Amino acid sequence: MNQLVPDPIWGTPCLCFEGDARYRGTCLYNSPRCGGKYKLPSFTKYYMGSLEEKICNQKCLLTSWLIEQRRNGIECPIITRETIEEIKRRSPMSVPDRADEILKYLKLETQEPGRSITCSHSIYIEQLVYDNNSFDEISLTKKHKAYYNLLAYSESSTYNELKYLLKYLKKKDYIELEYNEEPFNKKISCLLTVEGYDRLKKIQQETKIESSTDMDKMQDTTDENRVDNENIRIFISYSWDNENHKQWVKSLAERLRNDGIEAILDQWELAPGDQVPHFMEKNIRESDHVLIICTSSYCEKSNNRRDGVGYEDNVMTAEVCQKENHRKFIPVLAKGSRAEAIPSWLNGKYYLDLSTNEIYERGYLELKRTLLGERPTAPPVRRRSANG
């Protein structure tokens, strides 16, 4: 089921779908103003307020990031706290680059030469949202969607910015442009010219050259980086049940490091004054694997999204949702039974059992082989002879 709601970033009309039960607290939005679909976990909404409210520049940069992610093959990107921090460090596009983005969008929408695209900005549509009045999907016509899409792709925050960029393209003879500015409804019609298609071809060639140069640079640095990247990096997620359990986790991490696996543990890394959420997010995302040390206390905090465990689980489930890299997250049963110690979002996953002294060694060896990529593989299939 879905409904039209104000977009969390811009306040413009968008479709909101019911959250996926697997990723608690995450809503999916289909927003023309953001260029398409994206997911927003509830724990990220708190940080959205840190984006500039009066100056829309950072919201424009966030919208551009969403469009980039979709071009890179992520159909429905997830906005996390780390995303917000990255946006604050980004620089806006230049005017020519923003204009080029409009050309790309026009080609994407028109599909064939000679077709124009018409967009409309109706104050009435947005007023319905701001006044919390009801409106339906029919009210949001293709022309309104095209207008919001043009704002999104061109990194624009207002109609006047978009109009300036369109006039820039018209001056370059890349488009034919007509617009009608009524008091409460502004209409724009755009048509790609032959010169506009030539410009798009040149952009494509420049992109290929840049990609080739980047590949050459990556090749040049491969050998010098290989030594630094030899060790597998893992992050250990656990709850501070008691001092004995903390020591159990620490001993596991020490043994892994002694076996050549870079285990990251808060007991060694965090110091007073550090940003704990940043530490969690950074290490979950940058590690090759995350070990989830399961106990009944961890399970309770995870299922109820409490304390640091709940925050870490929000980050982990968001990454599973976005990248579908299920093998990155490895449940390790430290104490108790599977039913009482493993969180609901990990149900059905292959877990390693280190819960008793009798099976600890066997479980640890399987864990080490898994992390080092040394698990047994199937023997080759013997080729059958002609005689069978």
Side-chain angles (χ1 to χ4, degrees), residues 22-25 41-43 81 232-259 261-320 326 328-368 370-371:
R22 294 172 299 171
Y23 313 111
R24 198 172 302 166
S42 57
F43 69 89
R81 176 179 177 272
I232 299 297
R233 178 188 176 97
I234 67 162
F235 176 70
I236 300 179
S237 174
Y238 70 106
S239 62
W240 285 21
D241 296 4
N242 50 54
E243 286 301 318
N244 286 338
H245 182 60
K246 286 172 63 177
Q247 183 57 48
W248 187 95
V249 174
K250 184 178 179 182
S251 297
L252 174 63
E254 289 172 343
R255 185 171 179 183
L256 288 169
R257 293 181 73 90
N258 191 53
D259 285 334
I261 297 165
E262 184 183 3
I264 306 299
L265 189 65
D266 56 4
Q267 297 180 47
W268 298 323
E269 305 290 336
L270 280 176
D274 285 348
Q275 285 286 341
V276 178
H278 176 70
F279 167 80
M280 294 174 178
E281 290 189 24
K282 180 176 184 294
N283 285 290
I284 288 172
R285 300 197 189 288
E286 293 182 358
S287 296
D288 299 298
H289 291 281
V290 177
L291 298 191
I292 303 168
I293 309 301
C294 300
T295 63
S296 58
S297 176
Y298 187 102
C299 181
E300 188 272 332
K301 291 177 181 178
S302 173
N303 288 342
N304 293 289
R305 291 299 193 262
R306 290 200 304 107
D307 304 333
V309 168
Y311 188 88
E312 286 180 357
D313 281 6
N314 275 324
V315 177
M316 288 188 280
T317 52
E319 183 163 356
V320 170
H326 293 274
K328 176 174 179 175
F329 303 98
I330 302 174
V332 175
L333 183 61
K335 187 177 181 181
S337 66
R338 179 195 64 78
E340 66 184 10
I342 295 185
S344 58
W345 76 275
L346 293 171
N347 279 342
K349 285 183 74 72
Y350 187 154
Y351 67 93
L352 296 173
D353 195 343
L354 277 65
S355 60
T356 65
N357 293 334
E358 292 76 15
I359 60 176
Y360 184 96
E361 196 63 27
R362 185 174 67 228
Y364 177 82
L365 291 176
E366 185 175 6
L367 172 62
K368 185 176 77 168
T370 300
L371 296 174

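What you are looking at is a predicted structure, and each value in this text was computed from that prediction instead of being measured. Residue numbers start at 1 and run along the sequence shown.
Around CZ of Arg362, the count of heavy atoms belonging to other residues, nucleotides or ligands within 6.0 Å does not exceed 12. Atom CD of Glu286 has more than 12 neighbouring heavy atoms from other residues, nucleotides or ligands inside a 6.0 Å radius. Summarising the local packing, CH2 of Trp240 is surrounded by 12 or fewer heavy atoms from other residues, nucleotides or ligands at distances under 6.0 Å.
Here the OG atom belonging to Ser296 is positioned 7.0 Å from the NZ atom belonging to Lys335, to the nearest 0.5 angstrom. Rounding to the nearest 0.5 Å gives a distance of 9.0 Å between CG of Asp259 and CG of Leu365. Between the CG atom of Asn283 and the OG atom of Ser237 there is a distance of 11.0 Å, given to the nearest 0.5 Å. From Lys282, atom NZ reaches atom CD of Gln275 across 14.0 Å, with rounding to the nearest 0.5 Å. The CG atom of Asp288 sits 10.5 Å away from atom CD1 of Ile261, with the distance rounded to the nearest 0.5 Å. With rounding to the nearest 0.5 Å, the separation of CD1 in Ile342 from CG in Asn347 is 7.5 Å.
In this structure the side chain of Lys301 reaches within 4.5 angstrom of the side chain of Ser297, judged on heavy atoms. Using a 4.5 Å cut-off on side-chain heavy atoms (C-beta onward), Cys294 and Pro343 make contact. The shortest distance between side-chain heavy atoms of His245 and Ile293 falls below 4.5 Å. Put simply, the side chain of Gln247 does not reach to within 4.5 Å of the side chain of Asn244, judged on heavy atoms. Looking at Tyr238 and Thr295, their side chains never come closer than 4.5 Å, going by heavy atoms from C-beta outward. Looking only at side-chain heavy atoms (C-beta outward), Lys250 and Trp268 come within less than 4.5 Å of each other. Contact check for Tyr364 versus Leu256: side-chain heavy atoms found under the 4.5 Å cut-off.
Cation-pi geometry between Arg338 and Tyr351 is not met at under 6.0 angstrom from the ring centre and within 45 degrees of the axis.
In this structure, a donor-acceptor pair under 3.5 Å is absent between the side chains of Asp241 and Tyr298.
Salt bridge status for Glu243 with Lys246: present, with a side-chain N to carboxylate O gap under 4.0 Å.
Between the side chain of Lys328 and the backbone N or O of Ile284, at least one donor-acceptor pair lies under 3.5 Å. A donor-acceptor pair under 3.5 Å is absent between the side-chain atoms of Arg233 and the main chain of Glu262, judged by distance alone.
Of all heavy-atom pairs between Phe279 and Leu265, the closest is CZ-C, 4.5 Å. Here the closest heavy-atom approach between residue Val249 and residue Ile236 is recorded as CG1-CG2, 3.8 Å. Taking every heavy atom of both residues into account, Pro331 and Tyr350 meet most closely at CD-O, 3.7 Å.
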Name the atoms and distances for all side-chain donor-acceptor pairs under 3.5 Å in residues 352-359, with sequence neighbours left out.
from: Asp353; atom 1: OD1; to: Ser355; atom 2: N; distance (Å): 3.0
from: Asp353; atom 1: OD1; to: Ser355; atom 2: OG; distance (Å): 2.6
from: Thr356; atom 1: OG1; to: Glu358; atom 2: OE1; distance (Å): 3.4

Run the numbers on Leu291 and Leu367 for side-chain contact (heavy atoms from CB on, under 4.5 Å), then give the verdict.
CA-CA 10 Å; Leu291 298 191; Leu367 172 62; 3.7 Å; yes
